[in-house]
Amino acid sequence: MRVAEFDEWRHQKSVIRNRRWFTTAMASCFALTALTGCDVERRQSDAELGLNPQQAAGRKIYDNYCDRCHRPYSTKGKKGPGLKGIFQHQYLPMSGLPANDDRASEIIRFGRHEMPGYSQTLDQQGMQDLLAYLHTL
């Protein structure tokens, strides 16, 4: 076998080895994703959720300020609790305060524990829009 043929043979073996490694790595990733499940769902539109204009405006506020710490359609939280069904319970999950507009708006305005307050960010209309959206969860 000549040197050029040997080099070509070595290169082909290397390519085959790399392809096998890549295929194995990709198969492992797909298997891991399938086994652990995927927590990502397709985001529904405002119309699919049946939101009126006030609730849709509240959803935009939620997306801008709340979504980074609270999941809207899950009881699992991120940094803060998930908010699914937040007003369907008698008490708020972390504070134990009554689950009503007054207590929720107080927490939103002034914050609690690790949650910042949004009194300087939200005006009265924004607060009403956000509460209207939270009632849809």
*Can a salt bridge be assigned to the pair K60 and D129 using a cut-off of 4.0 Å between side-chain N and carboxylate O?*
no
*Do the side chains of R68 and K79 get nearer than 4.5 Å, heavy atoms only?*
no
_For the CD1 atom of I86 and the NE2 atom of H135, what is their distance to the nearest 0.5 Å?_
10.5 Å
*For the side chain of R112 and the backbone of I108, is there at least one donor-acceptor N/O pair under 3.5 Å apart?*
no
*Is there a donor-acceptor pair closer than 3.5 Å between any side-chain N or O of H70 and the backbone N or O of P81?*
yes
_Rounded to the nearest 0.5 Å, what separates atom CZ in F87 from atom CG in N100?_
7.5 Å
*SG on C66 to CG on L83, rounded to 0.5 Å*: 7.5 Å
*Once you round to the nearest 0.5 Å, how far does CG of L92 lie from CD1 of I107?*
5.0 Å
*Stepwise, does the salt bridge (charged side-chain N to carboxylate O under 4.0 Å, His left out) test hold for R43 with D63?*
CA-CA 12 Å; R43 179 180 163 92; D63 289 345; 2.5 Å; yes
*Parallel under 30°, tilted from 30 to 60°, perpendicular over 60°: which one fits the rings of Y73 and Y133?*
perpendicular
*Report yes if the side chains of Q90 and P98 come closer than 4.5 Å at any heavy-atom pair, otherwise no.*
no
_Other residues, nucleotides and ligands only: do more than 12 of their heavy atoms fall within 6.0 Å of CD on E48?_
yes
*When rounded to the nearest 0.5 angstrom, what distance separates CG in L122 from OG in S105?*
10.5 Å
_Gap separating the CD atom of E114 from the SG atom of C69, nearest 0.5 angstrom_ = 8.5 Å
*asked:* How close do D67 and P72 get, counting heavy atoms only, and between which atoms?
replied: OD1-CD, 3.6 Å
*Could you point out which residue of L134, L131, T136 forms a side chain to side chain contact (heavy atoms under 4.5 Å, CB included) with Q55?*
T136
*asked:* With a 3.5 Å distance limit and no angle check, can you tell me whether K76 reaches the backbone of R71 through a side-chain donor-acceptor pair?
replied: no
*salt bridge (charged side-chain N to carboxylate O under 4.0 Å, His left out) between R109 and E106: does it pass, once the steps are laid out?*
CA-CA 5 Å; R109 272 196 310 265; E106 182 179 288; 5.6 Å; no
